[in-house]
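Worksheet: one structure, shown below.
The sequence lines fix the lettering, A, B, ..., with proteins before strands; numbering per chain opens at 1. When reading the values below, keep in mind they use all heavy atoms of this one structure, side chains included, and skip hydrogens, waters and symmetry mates.
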Number of protein chains: 2
Amino acid sequence: MLRGDITAAIRNAVMHELAEVGYGRLSIEAVARRAGVGKTAVYRRWSNKLEMVLEIVSGVAERSVPMPDTGSFATDLQLTMFIVSKALQHRIASQIIPDLMAEAARNPKIAETLNKALRTHQTALSEKIVGQAIERGELPKGTDPELAVDLMLGPLYWRLAVLRTPVDDDYLEKVAASVMTSLGATPPAS
Amino acid sequence: MLRGDITAAIRNAVMHELAEVGYGRLSIEAVARRAGVGKTAVYRRWSNKLEMVLEIVSGVAERSVPMPDTGSFATDLQLTMFIVSKALQHRIASQIIPDLMAEAARNPKIAETLNKALRTHQTALSEKIVGQAIERGELPKGTDPELAVDLMLGPLYWRLAVLRTPVDDDYLEKVAASVMTSLGATPPAS
DNA sequence: CCACGACGCAACGGTTGCGTTTCGACGTTA
DNA sequence: TAACGTCGAAACGCAACCGTTGCGTCGTGG
């Protein structure tokens, strides 16, 4: 039986190596070195760098994806943006995500995995928020869910992952308010 | 005197290698191979992979940065978004930009260069557009230029560089309209 | 209590890239 | 035509990493 503590050490090492040197430069030797294990232990679990990274990354991404459903679009929106901003400001995640995104443009398997890990658990989720809001009458009937999601997540990603500017609650509120306005949302009943 | 045609061949090879394998995996040997020149020719011009890439990339980025100043915010906005969307849909640029962005998170020199090449020639430029619009009374006085830029470029970058979804004129208009609305812009005088 | 399996370590041959050096061919300039 | 500098090609020693193998140790399950 493979030892769980060693598997965990390797997973941890992979995430940190990914953050430090990126997928392109990631080497299994360095992973084993960092995890304090032999290369053998790594190859006993995965046969490839690609397979290893995909399994580990999707494993991390899949768990703990909260599901905002607060009953109103305004709070759903704010909560989602808050969660995403926290995730994109996480030291390691903020390095790994743009790196894998760039790599996905070259490697279809990475693209597919990221698709599953991020788009399914985030964009599709956001589209559900929009759908609910339309049903509740908080958003106009013709609202394009895709466009709405782009307006929500685009500025956040741009700010955090591209410009790497820290984001405070005040900024989040401004963006949220802008999204509400531009979508023609009915203000919360408060 | 260094031969210009060979320098050009190397520059071209670097851009294509960057697009295909990314900065992390880019090797000078491969560049020379692709350019059909000897490694000697490369090392005679630059001493590093880093130095070479920075010089070439900033050279490409610096030239031909048009300056939208059409006289109205609405058209400035549309023109800017059109130009940016064209740039981000360029086969090679759309691979290189996210890759270097991710690399910039690790390498301060790359970050600085990208800063100069993109932020100065694009964000600051966009901020000028917003400033002019405020002077003309097309935007409210308190408008935050940074926020405005984020709302303009964020969704575009998200769409094109992250999701890699093609963008048509219809989508561009929708985003532009959303930005106008959320900023409380005065509609064009037409 | 014993065998099995996972462990680390070290070494294997092979590949790739580094940055440098040497060589002969070529073309320009003087 | 003679000197100079760039050119491609090839090889240099060095380092890193690949994926595999053999070894001796240690812990656990049967």
Can you tell me how far [atom2] of [N] sits from [atom1] of [X], to the nearest Å?
{"X": "B:Tyr43", "N": "D:dC12", "atom1": "OH", "atom2": "P", "value": "18 Å"}
{"X": "B:Ile28", "N": "D:dA9", "atom1": "CD1", "atom2": "C1'", "value": "17 Å"}
{"X": "A:Asp5", "N": "D:dC26", "atom1": "CG", "atom2": "P", "value": "17 Å"}
{"X": "B:Leu26", "N": "C:dC18", "atom1": "CG", "atom2": "C1'", "value": "13 Å"}
{"X": "B:Met52", "N": "C:dG19", "atom1": "CE", "atom2": "C1'", "value": "13 Å"}

Should A:Val42 and A:Leu50 be regarded as members of a common hydrophobic cluster, given that ILVMFWY residues are connected when their side-chain heavy atoms come within less than 4.5 Å of each other, either directly or indirectly?
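Same cluster.
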Please list, in numerical order, the residues of residues 14-25 of chain A that have a heavy atom closer than 4.0 Å to any atom of DNA chain C.
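Within residues 14-25 of chain A, no residue comes under 4.0 Å of DNA chain C.
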Matching residue for A:Arg34 among A:Glu29, A:His16, A:Glu20 - test: side-chain hydrogen bond (donor to acceptor under 3.5 Å, both in side chains)
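That would be A:Glu20.
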Is the shortest side-chain heavy-atom distance between B:Arg11 and B:Glu55 below 4.5 Å?
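Yes, side chains in contact.
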Could you check if a side-chain atom of B:Val84 sits within less than 4.5 angstrom of a side-chain atom of B:Tyr157, using non-hydrogen atoms only?
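No - every pair of side-chain heavy atoms lies 4.5 Å or more apart.
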Donor-acceptor pair between [X] and [Y] side chains, under 3.5 angstrom:
{"X": "A:Ser182", "Y": "B:Ser182", "answer": "no"}
{"X": "A:Tyr171", "Y": "B:Asp150", "answer": "yes"}
{"X": "B:Thr181", "Y": "B:Ser178", "answer": "no"}

Contact pattern, 5' to 3', of nucleotides 6-15 of chain C - B, S or - by protein heavy atom under 4.0 Å:
SBSB------
Check B:Arg159 with A:Glu146, please: is the shortest side-chain N to carboxylate O separation under 4.0 Å?
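A salt bridge links A:Glu146 with B:Arg159.
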